[in-house]
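Protein chains get the first letters and strands the later ones, always in sequence-line order, with residue 1 at the start of each. Remember, predicted model here, so these are calculated numbers, not experimental data.
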Number of protein chains: 2
Amino acid sequence: MTRLNRERVLRAAVALADESGIESLSMRRLAQELGVVPMALYKHVANKEQLLDGMVDTVVGEIDPPEPGSDWRGVVRQRILSARRVLLRHRWAYRVIESRTGPTPAVLEYLDSMIGVFRDGGLSVDLTHHVMHAMGSRLLGFSQELFEASGASGGAEPPGPALAQRYPRIAELAAAAAHDGDSVVGGGCDDQFEFEFALDLLLDGFERLRVEGWSPPGRG
Amino acid sequence: MTRLNRERVLRAAVALADESGIESLSMRRLAQELGVVPMALYKHVANKEQLLDGMVDTVVGEIDPPEPGSDWRGVVRQRILSARRVLLRHRWAYRVIESRTGPTPAVLEYLDSMIGVFRDGGLSVDLTHHVMHAMGSRLLGFSQELFEASGASGGAEPPGPALAQRYPRIAELAAAAAHDGDSVVGGGCDDQFEFEFALDLLLDGFERLRVEGWSPPGRG
DNA sequence: GAGAAAAGGTGTACGGCGTACACCTTGGTG
DNA sequence: CACCAAGGTGTACGCCGTACACCTTTTCTC
């Protein structure tokens with residue numbers, strides 16, 4: 001077995017999280033996967049937090065660079081959808097990114113580049129600032145649902161009529177959602193459509209503000 | 001000391017999380033706070049997951065009911081801002097809510113009632129469905145930033161010029177943000193303004209779609 | 001090539017966690 | 001008063017992250 005290094009550790013960690021879920025990624029389990037004693041990992045990452053940081057950077061590094069185009073909205077759109085594809089490959093990643101206390105270098109670079117697209121598209125510094133906030137985690141392709149789509153709903157809750165009676169509006173929505181009965185928000189829907197619906201709504205809103213020459217309200 | 005019950009346990013848990021942060025909420029610590037042995041808690045909650053579920057319901061129960069009004073946007077806006085105030089009182093809550101695998105009863109009730117406001121406001125079932133998705137966690141007052149505002153940035157990163165050189169666009173934005181130098185996204189900004197900016201952008205977009213009689217694109 | 005120094009890997013151990021399980025204590029009911 | 005269910009206890013297990021001291025291997029220098 002060749003020697004360990006930081007990159008091998010990170011790649012193994014990402015692979016392990018992809019396969020077994022983030023909750024089963026422990027230093028001990030990762031070490032075992034690498035055929036090494038747990039403490040060996042600490043020669044390559046300072047601690048578990050830094051391991052997670054490194055995993056985030058690995059994943060964010062998979063996002064395609066922006067493809068230059070004349071329409072800033074198209075460039076943003078394409079890149080965010082690329083980010084989304086990456087996040088769908090690594091379903092644990094959005095939780096980990098959100099759990100970081102600060103942005104990692106790869107994320108900073110990504111954000112910097114995104115800001116560049118907005119600025120080059122003609123949005124003022126102020127508008128870009130608020131736009132970045134408004135996009136929030138959507139910038140990285142999160143759909144930020146309230147709950148994981150579908151999934152085992154855990155509780156032994158009666159599946160149909162009882163719920164429909166207690167939450168009639170939810171039932172109405174669920175019934176209307178394309179496929180058959182689904183969980184409250186997310187299950188049975190076309191997640192990709194939902195993501196793009198919200199993304200385009202926001203991008204259109206930004207464009208409208210740009211055209212109107214939006215400027216921040218006076219302070220105070 | 002009076003006897004324990006589920007509600008006392010939940011209230012103590014919420015209080016402990018408020019004071020010491022969610023990361024220091026352990027069954028053992030909570031038991032100690034209640035002057036009881038750890039295993040005593042398990043007579044009132046099945047396990048830690050269910051404790052967290054209960055905490056979520058407690059917090060969501062603090063959100064004001066909708067104040068009826070003629071303008072659906074106003075009703076939604078007011079209620080979401082109430083949710084946001086609650087979430088700001090319990091800063092650990094949004095993380096816990098996101099970590100739940102399924103919605104709890106209080107959350108279901110909240111969502112149901114929110115759907116009612118949209119429907120009564122004249123949005124079609126389909127549009128309401130997508131609107132709920134588009135709002136995502138914003139429905140509960142999350143600003144869903146990429147990272148916690150400000151906070152100790154952990155790393156010994158040089159604060160100013162070096163970062164500005166590597167991430168010039170970020171630096172430009174940061175410089176323009178009202179107050180002095182802040183972290184990438186969040187610090188030094190008026191979070192409340194940012195939240196309302198995005199919220200109103202979305203609500204305005206929804207209203208526009210409603211007026212235009214939006215209907216879902218044909219399938220396939 | 002010899003030897004030192006740096007880098008990488010090991011073994012043991014500690015304090016924390018959630019919680020299973022068997023047990024005791026208490027308060028309310030017949 | 002006896003009983004029994006509900007509530008509280010004590011012990012123990014198997015995880016976790018990681019500090020610390022140690023050994024081994026590689027790499028660098030003369």
Side-chain angles (χ1 to χ4, degrees), chain A residues 1-17 19-56 58 92 95-102 104 152 154-156, chain B residues 1-17 19-56 58 92 95-102 104 152 154-156:
Chain A
M1 199 60 102
T2 168
R3 258 162 107 135
L4 235 49
N5 59 43
R6 189 179 152 89
E7 197 198 325
R8 281 216 328 144
V9 169
L10 292 182
R11 278 220 298 253
V14 167
L16 181 55
E19 285 161 25
S20 316
I22 193 67
E23 71 284 353
S24 66
L25 173 76
S26 70
M27 298 300 273
R28 294 168 131 98
R29 179 106 161 62
L30 177 58
Q32 179 183 328
E33 210 78 13
L34 286 161
V36 115
V37 95
M39 287 311 292
L41 300 176
Y42 289 86
K43 290 283 154 63
H44 305 281
V45 294
N47 50 45
K48 190 174 182 182
E49 287 299 293
Q50 201 187 91
L51 172 75
L52 294 172
D53 281 349
M55 292 170 70
V56 168
T58 301
W92 47 272
R95 283 186 189 285
V96 175
I97 291 176
E98 276 187 341
S99 75
R100 305 298 80 204
T101 53
T104 58
Chain B
M1 197 61 100
T2 170
R3 269 174 87 144
L4 234 49
N5 58 42
R6 190 179 151 89
E7 197 198 324
R8 282 218 325 145
V9 169
L10 293 182
R11 278 222 298 256
V14 167
L16 181 55
E19 286 161 23
S20 316
I22 192 67
E23 71 283 353
S24 66
L25 173 76
S26 68
M27 298 301 272
R28 294 168 132 97
R29 180 109 160 61
L30 176 58
Q32 179 183 331
E33 210 78 13
L34 286 160
V36 116
V37 94
M39 287 312 293
L41 301 176
Y42 289 86
K43 289 284 154 65
H44 305 281
V45 294
N47 50 45
K48 190 173 181 182
E49 288 300 293
Q50 200 189 91
L51 172 75
L52 293 172
D53 281 350
M55 292 170 71
V56 168
T58 301
W92 48 271
R95 283 186 189 284
V96 175
I97 291 175
E98 276 186 342
S99 76
R100 304 300 79 205
T101 53
T104 57

### Query
Can you name the one residue among B:Arg11, B:Gln50, B:Lys43 that meets side chain to side chain contact (heavy atoms under 4.5 Å, CB included) with B:Arg6?
B:Gln50
### Query
Quick one: bend of the helix from C:dG1-D:dC30 to C:dG30-D:dC1 from 5 pairs per end, to 10°?
0°
### Task
Indicate whether OP1 or OP2 belonging to D:dG8 is found under 4.0 Å from a side-chain N or O atom of B:His44.
yes
### Query
What integer distance in Å separates B:Leu41:CG from D:dT9:P?
10 Å
## Note on the structure
Scanning both residues in full, the closest heavy-atom pair of B:Ser99 with B:Val96 reads OG-O, 2.8 Å
### Query
In whole angstroms, how far is the C1' atom of D:dC16 from the CD1 atom of A:Ile22?
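It works out to 15 Å between those atoms.
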### Rounded distance (Å) that lies between atom P of C:dC17 and atom CZ of B:Arg29
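In whole Å, C:dC17 P lies 9 Å from B:Arg29 CZ.
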### Query
Looking at B:His44 and B:Val9, what are the two nearest heavy atoms and their distance?
CB-CG2, 4.2 Å
### Query
Separation of B:Met27 atom CE from C:dA20 atom C1', in whole Å?
13 Å
### Summary
Shortest non-hydrogen pair, A:Ser24 vs A:Arg29, comes out as O-CG, 3.6 Å
### Message
Heavy atoms within less than 4.0 Å of DNA chain C: which residues of residues 46-55 of chain B have one? Give them sorted by number.
### Response
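Nucleic-acid contacts, sorted: B:Asn47, B:Lys48.
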#### Entry: Nearest atoms (heavy-atom pairs only) where B:Leu52 meets B:Arg100
CD1-NH2, 3.4 Å
### Task
With DNA chain D as reference, determine whether A:Lys43 or B:Asn5 sits nearer its 5' end, using the nearest nucleotide of each.
B:Asn5
### Query
Would a 4.5 Å heavy-atom cut-off, applied to side chains only, mark A:Met27 and A:Val45 as touching?
yes
### Message
What is the separation between atom CD on B:Gln32 and atom P on C:dG18, rounded to the nearest whole Å?
### Response
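So the two atoms are 13 Å apart, to the nearest Å.
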### Between D:dG8 (P) and B:Leu34 (CG): distance, integer Å
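To the nearest whole Å, that distance equals 10 Å.
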### Task
Provide the closest heavy-atom pair for A:Glu98 versus B:Arg95 in the form atom of the first, atom of the second, distance.
O-NH1, 3.1 Å
### Query
What is the distance from OH of A:Tyr42 to P of D:dC16, rounded to the nearest Å?
11 Å
### Message
Measuring from atom CG of B:Asn47 to atom CG of B:Leu41, what distance do you get when rounded to the nearest 0.5 angstrom?
### Response
11.5 Å
### Query
Choosing from C:dT19, D:dC16, D:dT9, which nucleotide comes nearest the side chain of A:Arg28?
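Selected nucleotide: D:dC16.
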### Task
Please state how far atom CE in A:Met39 lies from atom P in D:dC22, giving the value in whole angstrom units.
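My rounded result for the distance is 15 Å.
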#### Entry: Distance-minimising heavy-atom pair for A:Leu51 and A:Leu10
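Closest approach of A:Leu51 to A:Leu10, heavy atoms only: O-CD2, 3.7 Å.
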### Task
Mind checking B:Val37 for me? I need base, sugar-phosphate or nothing, with any heavy atom below 4.0 Å counting as a touch.
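Touches a base.
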